[in-house]
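What follows is a set of notes on a single structure, which appears directly below.
Sequence lines set the chain letters: A, B, ... in the order given, protein chains first and strands last, and positions in each chain run from 1. Because the structure is predicted, anything quoted here is derived from the model rather than measured.
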Protein chains: 2
Amino acid sequence: MAGSSTKRRPYQVAETIKRWIVEKQLKPGDRLPGEAELMERLGVSKGTVRESTRVLEAQGLVETRTGPGGGAFVHAMSEARAISLLSHYLFFQDISIRDIYQIRLALEPELAASLAGRVSPEDMSRLRASLESYADTARDEEEERQQHLDSLNFHLMLAELSGGNPLLCFIIRFTTQVLSDLTIYRRLYEPATHDLGRTGCRFHAELLDAIEAGDAEQARRIMHEHMLSAQAVMNTQEAQVRRDFLSEA
Amino acid sequence: MAGSSTKRRPYQVAETIKRWIVEKQLKPGDRLPGEAELMERLGVSKGTVRESTRVLEAQGLVETRTGPGGGAFVHAMSEARAISLLSHYLFFQDISIRDIYQIRLALEPELAASLAGRVSPEDMSRLRASLESYADTARDEEEERQQHLDSLNFHLMLAELSGGNPLLCFIIRFTTQVLSDLTIYRRLYEPATHDLGRTGCRFHAELLDAIEAGDAEQARRIMHEHMLSAQAVMNTQEAQVRRDFLSEA
DNA sequence: CTAGCCCGGAGGCCTGACCACCGCTTTGTC
DNA sequence: GACAAAGCGGTGGTCAGGCCTCCGGGCTAG
């Protein structure tokens, strides 16, 4: 009797611990009970406790350290890990480049606008410096790919700087990540895209000017055009996003 | 010696299995080696194999069944689970209502536009029928909350119908889910929001007309105004999203 | 005062046994 | 002969206990 567990023990234990985290309002770095104590308090064996810990670890909620003073600690999931987990979801969905750009087209201009007049001079020079690497037309395929990665990285930096909206930042970084992986795993940029770097650089430069001037509307418009331009190029490429896991966090 | 494991065994095993899934192009429903076979082929103990299986399960990649013919099977993560995992990430981030609406403001109009002229008559009537429940001003707080949930559900249905862009659909559903949870866990809609349902209903009705007429620009514009209107109301409310886990998938 | 050793407590991994579950086969009855 | 009930067997699920590894901090030797 009693027993009855629609779910398996490790998950029951994991749920219990999650509840503790919420109820006790534990913060990252706070320590959870040790294996021995959990065994005793929950009446389960060591193996079960360990499995539940792996579950929480996999979900990015806790982190374990060995040695004295070790144990399980509440942990704020890294963005990289979140991206990885989300990519697991999309692994069996069919995402096309067009899908990615539909998102970027809507969000990147928003991000650009929100950045207008809010970037420090130091960051501004860092951004401008990064443009160098793809200012000229690429000479070979290898350089071209690297340019595209640098160009994507520019958007990553913008997202980083915004800081204001974690969710917006996350989504943009995710889409960028997907596009980066595409360039790594596939030869996507072969025909007639040699100027993509230079074109992108021009857009980026204009965008920085608008941002520096604090002209939100102008920044939004430029980014919008930039995305349209990039989308037009990408649409001529492969339609189907490669099914692959992203790098593990 | 030899050994050397920057990572711990269960994760190495999990990575290996992931690699198998990618390399062998396994699809949901395909069976993975049993515990005994994994123990032998990878030279690890049962406990380690089980921990790695819990990890993959937690990440939504596999599912296990007991009994004869049971075992671990490749599994497509449900959207609900993906949302749950993503909420784990945002648990320690500070998300404001404003952040949510910045996303909605950018994406929902896009969705609406992409739907113009592409909704079947049956779905159209289902959508129109759903408007009934919040056409009138709410009489009490309870009804008001229910109206808001129904109203949010309308957006969920739209996302569902689009179907075209899994990522867009996911993001919209996620943001909607967050807003729904807010209404459940907090008393958010107290002061002067009694007409929110009716106002929303009007927007929704106009939107459906535009979609039916196939007028993408009009649909985009209406949704944009709708979001602005809703954002204006929400901005007067609590700024900080409650830190809580969403329902477990 | 510093460098090094050493202790002890925490998780990490393994072994081996037994339990719970459930599709399939066998058996029994009408 | 057909259908239902009983049970086999293989699979994951859980438990118990043991030994190994790691590492911070205290203690000791230089």
Side-chain angles (χ1 to χ4, degrees), chain A residues 1-18 20-21 26 28-75 248, chain B residues 1-18 20-21 26 28-75 248:
Chain A
M1 46 152 37
S4 82
S5 40
T6 345
K7 298 173 187 173
R8 281 153 283 179
R9 305 267 188 119
Y11 291 107
Q12 296 180 30
V13 173
E15 286 300 315
T16 300
I17 295 177
K18 272 195 208 175
W20 286 350
I21 295 177
L26 300 181
D30 287 352
R31 187 172 181 171
L32 268 51
E35 292 182 350
E37 187 176 346
L38 289 175
M39 289 169 59
E40 185 185 357
R41 285 170 62 172
L42 302 176
V44 296
S45 76
K46 181 170 179 174
T48 302
V49 168
R50 287 184 58 72
E51 286 184 32
S52 76
T53 304
R54 290 296 85 73
V55 168
L56 293 173
E57 250 180 16
Q59 295 181 346
L61 289 173
V62 309
E63 162 200 45
T64 62
R65 289 196 288 272
T66 163
F73 300 83
V74 177
H75 178 67
E248 207 59 34
Chain B
M1 42 178 49
S4 85
S5 39
T6 353
K7 297 173 186 172
R8 281 154 282 180
R9 294 268 195 43
Y11 291 107
Q12 296 180 27
V13 173
E15 286 300 315
T16 300
I17 295 176
K18 271 193 206 174
W20 288 351
I21 295 177
L26 300 182
D30 287 353
R31 188 173 181 172
L32 270 53
E35 291 183 350
E37 187 176 346
L38 289 175
M39 289 170 61
E40 185 185 356
R41 283 170 63 172
L42 301 176
V44 295
S45 77
K46 178 168 178 166
T48 302
V49 167
R50 288 185 57 71
E51 286 184 32
S52 77
T53 303
R54 291 294 84 72
V55 168
L56 293 173
E57 251 179 15
Q59 294 181 345
L61 289 174
V62 308
E63 163 198 47
T64 61
R65 290 196 288 271
T66 85
F73 299 83
V74 177
H75 179 68
E248 205 60 32

Ser45(B) and Met39(B): which non-hydrogen atoms are nearest, and at how many Å? C-CG, 3.9 Å
OP1, OP2 of dG12(D) versus side-chain N and O of Thr53(B): anything below 4.0 Å? no
Counting just side-chain N and O atoms, does Thr48(B) come under 4.0 Å of either OP1 or OP2 of dG12(C)? no
Please report the closest heavy-atom contact between Val13(B) and Thr48(B), naming both atoms and the distance. CG2-CG2, 4.3 Å
Could you tell me whether the phosphate oxygens of dG23(C), OP1 or OP2, come under 4.0 Å of any side-chain nitrogen or oxygen in Arg65(B)? no
For DNA chain C, whose closest nucleotide is more 5', that of Gly47(B) or that of Ala72(A)? Ala72(A)
Shortest non-hydrogen contact between Pro33(A) and Trp20(A), atoms and distance: CG-CZ3, 3.8 Å
Between atom CD in Glu40(A) and atom P in dC15(D), what is the gap in whole Å? 15 Å
I need the CD-C1' distance between Glu35(B) and dT14(D), as an integer number of Å. 11 Å
Please give, in whole Å, the distance from dG12(D) C1' to Leu38(B) CG? 12 Å
Using a 4.5 Å cut-off on heavy atoms from C-beta on, say whether the side chain of Leu56(A) contacts that of Lys18(A). yes
Tell me whether the side-chain N/O atoms of Arg50(B) come closer than 4.0 Å to OP1 or OP2 in dG13(D). yes
Does any non-hydrogen side-chain atom of Leu38(B) lie less than 4.5 Å from one of Ile17(B)? yes
Is any side-chain nitrogen or oxygen of Thr64(B) closer than 4.0 Å to OP1 or OP2 of dG13(D)? yes
Within the pair Arg54(A) and dG12(C), is there a side-chain N or O less than 4.0 Å away from OP1 or OP2? yes
Would you kindly compare Pro68(A) and Glu57(A) by the position of their nearest DNA chain C nucleotide and give the one closer to the 5′ end? Pro68(A)
Between Gly67(A) and Glu51(A), which is nearer to the 5' end of DNA chain D once each is assigned its nearest nucleotide? Glu51(A)
Gln12(A) CD to dT14(D) C1', in whole Å, measures 12 Å
To the nearest Å, how far apart are Arg31(A) CZ and dG9(C) P? 13 Å
Check the distance between dC14(C)'s P and Met39(B)'s CE and give it to me in whole angstrom. 9 Å
Do the side chain of Lys46(A) and the base of dG11(C) come within less than 3.5 angstrom through a donor-acceptor pair of N or O atoms? no
Between dG12(C) atom C1' and Tyr11(B) atom OH, what is the distance in whole Å? 12 Å
Base, sugar-phosphate alone, or nothing: which one does Gly34(B) contact when heavy atoms must sit under 4.0 Å apart? sugar-phosphate
Do any side-chain nitrogens or oxygens of Thr66(A) fall under 4.0 Å of OP1 or OP2 in dG11(C)? no
Is the shortest side-chain N/O distance from Arg9(B) to OP1 or OP2 of dG12(C) below 4.0 Å? no
Protein-nucleotide distance (Glu63(A), atom CD; dG12(C), atom P), rounded to Å: 11 Å
Can you name the closest pair of heavy atoms from Pro10(B) and Glu51(B) and give their distance? CG-OE1, 3.4 Å
